[in-house]
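Protein chains get the first letters and strands the later ones, always in sequence-line order, with residue 1 at the start of each.
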There are 2 protein chains.
Amino acid sequence: MTVTTVHQPTHREALWELEAAFDRGDLITVFGHCTVEYDGRAASSLGLGRRLLLLKPDGTALVHTDEQQQPVNWQPPGSEHHAAVRDGRLRVRSVRSSPDETLDVRFETVEQLSAMAVSGRRDLSVTGSEADLRNALLDQPDAIEAGFEPLATERPTDVGPIDLFGRDSEGRPVVVELKRRRVGPSAASQLQRYVEAIRREEGDDADVRGLLIAPSVTDRARRLLAEAGLEFAAVEPPSSDSDAGDADAADATDANDDSVAAAGDDASGPSAAEPANDE
Amino acid sequence: MTVTTVHQPTHREALWELEAAFDRGDLITVFGHCTVEYDGRAASSLGLGRRLLLLKPDGTALVHTDEQQQPVNWQPPGSEHHAAVRDGRLRVRSVRSSPDETLDVRFETVEQLSAMAVSGRRDLSVTGSEADLRNALLDQPDAIEAGFEPLATERPTDVGPIDLFGRDSEGRPVVVELKRRRVGPSAASQLQRYVEAIRREEGDDADVRGLLIAPSVTDRARRLLAEAGLEFAAVEPPSSDSDAGDADAADATDANDDSVAAAGDDASGPSAAEPANDE
DNA sequence: AGATCGATCTCGACA
DNA sequence: TGTCGAGGTCGATCT
């Protein structure tokens with residue numbers, strides 16, 4: 001059996017199951033009426049409400065509500081989970097040091113506690129990252145500009161590493177900053193930093209070009225680039241279906257599924273059941 | 001009943017429960033053997049494994065493994081969840097547009113499906129943010145430097161808003177950039193951008209000071225500041241227990257808990273009970 | 001440990 | 001909707 005669940009356990013029972021799940025190294029979910037307190041790099045407090053607590057064997061703790069992608073409270077991997085019954089309530093505390101941080105979840109009632117044995121790969125390789133864009137450009141330097149010759153990637157300077165460093169057809173050094181999506185002022189500043197670092201290296205009179213490569217730039221970024229004498233070249237990120245041979249792209253036709261259920265953004269509830277937030 | 005759970009359901013049964021949970025606006029967890037495919041801003045593929053899928057009524061989808069704080073795959077709020085049985089497997093697909101993105105979770109087996117009615121506040125106010133630091137400094141401008149006079153916060157420039165703008169005791173304009181933690185080169189560049197924007201506004205010969213306020217700076221950042229003629233002042237962020245009156249700090253004495261369980265980082269073996277000191 | 005930067009960043013605020 | 005910057009950012013890589 002790869003999942004153990006108890007419904008509306010007593011706090012004692014919940015604690016018992018938690019202990020067992022900790023020992024097994026399970027992924028744990030606890031759903032119930034609880035308060036949440038955090039103190040560490042910042043501090044926060046959350047009153048009573050029904051929420052979902054996720055405890056991972058690597059020390060991660062996540063408190064999720066019914067909204068948002070990000071947990072309302074959390075503790076990073078490497079923390080230590082502790083559970084105890086106190087004042088008639090189940091308390092789960094997740095602690096770490098450097099920095100000292102504590103997450104405290106106090107359950108008034110536990111509706112359900114589940115422990116699951118996770119398996120399979122958890123590291124996934126994503127295509128379409130900035131590194132992929134860089135590799136694509138290394139294969140096709142002319143996509144940057146005719147005659148561009150790449151010399152180094154992640155070339156170190158004393159203000160950080162340069163994404164791509166090379167020379168143009170006339171032998172001038174070119175600092176290239178890559179971004180996989182539309183960029184704002186910060187990317188322009190970043191490029192400027194690197195160009196000035198190279199100028200200092202090569203001698204203040206050196207003719208060093210700075211080239212920002214991205215799908216597009218904002219107006220402000222364009223202005224900043226112009227003022228600093230930097231250039232911009234529009235390059236689309238490698239699309240997932242055009243060249244990256246993604247298998248599985250075949251079954252796009254699913255109009256005739258056996259059965260279908262749908263839900264999402266606009267609470268398209270049948271009987272107009274409203275959020276029912278009981279605070 | 002605020003939670004509905006089915007164990008090892010058939011795909012049909014799972015689909016039925018999903019539909020009902022969608023309609024109720026529940027928070028849903030699905031644990032089972034599945035593959036995960038994502039295609040959108042980037043693309044990824046994940047082979048068979050036992051993982052936990054979280055579906056929120058706001059359109060969020062999260063796939064969690066037993067490691068890491070971040071989900072291995074996800075879909076942001078505003079997506080639409082669709083479920084179907086196809087090829088004898090339960091498929092949950094979460095789709096959004098602008099940008100077009102699809103997350104596909106195909107379950108070979110569903111170990112457990114739960115639907116929970118969440119309630120209570122989900123917005124929490126954090127103390128210790130940059131805004132808190134700013135307000136503390138507005139109350140005590142001398143903590144910045146003697147005679148500093150704040151004039152505006154979030155003062156707009158054509159390269160972005162300045163955290164805090166004011167004048168020093170000699171009437172010179174001062175651009176202040178606040179950071180709640182140790183800063184690197186990017187913050188120095190950011191401040192430099194703002195200072196140069198004010199210099200352009202005031203006339204190129206204007207005597208404008210730039211002041212970075214943070215707990216500390218890295219070496220490179222310090223060098224960048226020096227080269228750009230910018231200043232740094234060390235200010236600790238308002239600590240959570242010194243002034244922010246965090247209630248609940250009273251029950252620090254809990255050495256005699258009824259019962260205790262512990263787990264965390266270093267998969268501490270089953271027997272050999274852990275130190276069990278919480279706090 | 002600290003430093004630096006990318007990220008399917010996410011999120012909120014504001015124009 | 002786009003732009004911009006903060007974040008308890010997280011996570012990876014390198015020193």
* Are B:Arg220 and C:dT4 close enough that a side-chain N or O sits under 4.0 Å from OP1 or OP2? -> yes
* To do: Would you indicate, yes or no, if D:dC4 has its OP1 or OP2 atom less than 4.0 angstrom from a side-chain nitrogen or oxygen of B:Tyr194?
  => no
* To do: Give the C-alpha distance, both sets of side-chain angles, the deciding distance and a yes or no for side-chain contact (heavy atoms from CB on, under 4.5 Å) between A:Val72 and A:His64.
  => CA-CA 6 Å; A:Val72 66; A:His64 272 282; over 6 Å; no
* Asked: Which whole-number value in Å describes the distance from B:Leu224 CG to C:dA3 C1'?
  -> 13 Å
* Asked: Starting at the 5' end of DNA chain D and moving along, which residue's nearest nucleotide shows up first, B:Arg181 or B:Glu177?
  -> B:Glu177
* Give a yes/no answer on whether the side chain of B:Trp74 brings an N or O atom under 4.0 Å of OP1 or OP2 in C:dT10. => yes
* Asked: Mapping A:Arg182 and B:Ser129 onto DNA chain D by nearest heavy atom, which one lands closer to the 5' end?
  -> A:Arg182
* Return the nearest nucleotide to the side chain of A:Arg41; candidates are D:dG8, D:dA6, D:dG5. => D:dG8
* Structure fact -> From CZ of B:Arg222 across to P of C:dT4 the rounded distance in Å is 12 Å
* Asked: If you look at every heavy atom in B:Val159 and A:Leu224, which pair is closest and at what distance?
  -> CG1-CD2, 3.8 Å
* **Spacing of the P atoms in C:dT8 and C:dT4 (rounded, Å)** => 23 Å
* Structure fact -> In whole angstroms, the gap separating C1' of D:dG5 from CG of B:Asp163 amounts to 9 Å
* Structure fact -> When rounded to whole Å, the CG to C1' distance for the pair A:Leu62 and D:dC10 reads 12 Å
* pair A:Leu62-B:Gln69: side-chain heavy atoms closer than 4.5 Å -> yes
* Asked: Looking only at atom types and distance, does a side-chain atom of B:Tyr194 sit under 3.5 Å from a main-chain N or O of B:Ile198, one as donor and one as acceptor?
  -> no
* Structure fact -> Testing D:dG7, C:dT10, C:dG6 for proximity to the side chain of B:Glu130, the answer is D:dG7
* To do: Measure the distance from CG on B:Leu164 to C1' on D:dA6 and round it to the nearest whole Å.
  => 16 Å
* Which part of the nucleic acid, if any, lies within contact of A:Pro99, taking any heavy atom under 4.0 Å across all strands shown: a base, the sugar-phosphate backbone alone, or nothing? -> nothing
* **Nearest-nucleotide 5' precedence on DNA chain C, A:Arg193 against B:Pro76** => A:Arg193
* Asked: Are B:Glu130 and B:Arg180 within salt-bridge range, i.e. N to O under 4.0 Å?
  -> no
* Asked: Between D:dG11, C:dT4, C:dT10, which nucleotide has the shortest distance from any of its atoms to the side chain of B:Gln69?
  -> D:dG11
* Let me know the distance between CG of A:Asp219 and C1' of D:dG2, rounded to the nearest Å. => 11 Å
* Below 4.0 angstrom from OP1 or OP2 of D:dC4, is there any side-chain N or O of A:Ser186? -> no
* **Of A:Ser98 and B:Glu101, the one whose closest DNA chain C nucleotide lies more 5'** => A:Ser98
* Asked: Of all the choices, C:dT8, C:dC5, D:dA6, which nucleotide is nearest to the side chain of B:Gln190 once you look at every atom?
  -> D:dA6
* Structure fact -> Listing for DNA chain C: consecutive Watson-Crick or G-U pair runs of at least 3, distance cutoff 3.5 Å, ranges ordered by first number, gives C:1-7 with D:9-15, C:9-15 with D:1-7
* Partner set under salt bridge (charged side-chain N to carboxylate O under 4.0 Å, His left out) for B:Glu227, not counting sequence neighbours -> A:Arg200
* **SB check B:Arg199 B:Glu201 (cutoff 4.0 Å)** => no
* **Same-atom distance (C1') from C:dC14 to D:dG8, integer angstrom** => 25 Å
* Structure fact -> Rounded to whole Å, the CD-P distance (A:Gln68 to D:dG7) equals 16 Å
* **Nucleotide nearest A:Arg180 (side chain, heavy atoms from C-beta), chosen from D:dC4, C:dC9, C:dC5** => C:dC9
* Structure fact -> Rounded to whole Å, CZ of A:Arg155 lies from C1' of C:dC5 at a distance of 18 Å
* To do: Would you mind checking if A:Asp66 and B:Arg122 are paired as a salt bridge, meaning a charged N to carboxylate O distance below 4.0 Å?
  => yes
* Which is true for A:Val183 with a 4.0 Å heavy-atom rule: it touches a base, it touches only sugar-phosphate, or it touches nothing? -> nothing
* Check every strand shown and say whether B:Gln75 touches a base, only sugar-phosphate, or nothing at a heavy-atom separation below 4.0 Å. => nothing
* State whether the side chain of A:Lys56 and the backbone N or O of B:Thr65 hold a donor-acceptor pair below 3.5 Å, judged by distance alone. => yes
